Amino acid sequence: MQIELMAFGIVREFLGSSTIRLDVNDGITVGELRTLLRDHHPDMHGISSIAVALNGNYATDETIVVSNDEIAIIPPVSGG
Amino acid sequence: MVDIKISSEPLSVQSCIDWVMSPDCGGIDVFIGTVRNTTKGKRVLRLEFEAYERMALSEMEKIAVDASLKWALHKILIHHRTGVLVAGEIPVIIAVSAPHRDAAFEACRYAIDTLKLTVPIWKKEVFEDGAVWVAAHP
């Protein structure tokens, strides 16, 4: 299936875009997606942590991604 | 009561205080985050803030609601700025009113500390010789 990811902050700069499309296996988990991103983009290894949000909520590694989820890659936050 | 806002326009401290103020309350606690002009001795030219706005608003709302459940508050407000800010400008205001001051102090501290951990907002520090995304690297 094809998914679209929203990228912010340092990840947006690494990817050169605020959204990217990826072809992934059906039933992919958040943990597998995080591994895939790190494998595809070596720059990601320099970031201290990457979280994933589905539909506006932080998702655990076991959560399964479906194609119409709103998916966001969340580098370490630094508001305030 | 809870008031949450993300804005690209300057934040008003006075209007935040006015919103939480009430004759039912014994005190108001206000945290105002301000842009510092140096980091580790290097001059900061500006900070650039960006937000995943939909989620940032919901995470800020969770913080305000959680604080209202943990402490006896009258009102709690969390406003955050986005865009380019220079030294002395205000990226964040948290204002809390409560019948008794301990609750206001503790809830305000909880709100800013939790915001820094969970709310998807990012800042880039721009120096004369480069820029860094704060907290991005180990």
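No experiment lies behind these values; they were computed from the predicted model shown. So that the names make sense, note that chain A is the first sequence line, chain B the second, and so on, each numbered from 1.
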A.B. asks: With a 4.5 angstrom heavy-atom cut-off, which part of B:K116 approaches chain A: side chain, backbone, both or neither?
C.D. replies: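 For B:K116, backbone and side chain are both near chain A.
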
A.B. asks: If you define the side chain from C-beta out and look only at heavy atoms, does anything of B:Y52 sit under 4.5 Å from A:E70?
C.D. replies: yes

A.B. asks: To the nearest 0.5 Å, what is the distance between CH2 (B:W122) and CD1 (A:I74)?
C.D. replies: 4.5 Å

A.B. asks: Under 4.5 Å between side-chain heavy atoms, hopping through other hydrophobics if needed: is there a path connecting B:V119 to B:M55?
C.D. replies: no

A.B. asks: Please look at B:P91 and chain A and tell me whether the side chain, the backbone, both or neither of the residue comes under 4.5 angstrom of a heavy atom of that chain.
C.D. replies: side chain

A.B. asks: For chain A, which candidate among B:V92, B:I93, B:V134 shows the most heavy-atom pairs at distances under 4.5 Å?
C.D. replies: B:V134

A.B. asks: Which region of B:E59, side chain (C-beta onward) or backbone (N, CA, C, O), has a non-hydrogen atom less than 4.5 Å from a non-hydrogen atom of chain A, or is it both or neither?
C.D. replies: side chain

A.B. asks: Under a 4.5 Å heavy-atom cutoff, which of B:L117, B:T118, B:I112 has the most pairs with chain A?
C.D. replies: B:T118

A.B. asks: Quick check on B:H80 against chain A: is it the side chain, the backbone, both or neither that has a heavy atom closer than 4.5 Å?
C.D. replies: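 For B:H80, the side chain is the part near chain A, not the backbone.
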
A.B. asks: Would one find more than 12 heavy atoms of other residues, nucleotides or ligands at under 6.0 Å from atom CG of B:D129?
C.D. replies: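 Correct, the count exceeds 12.
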
A.B. asks: For B:R109, look at atom CZ and say whether over 12 heavy atoms of other residues, nucleotides or ligands are found less than 6.0 Å away.
C.D. replies: no

A.B. asks: Chain A heavy atoms under 4.5 Å from B:A51: which part of the residue, side chain, backbone, both or neither?
C.D. replies: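 The answer is the backbone of B:A51.
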
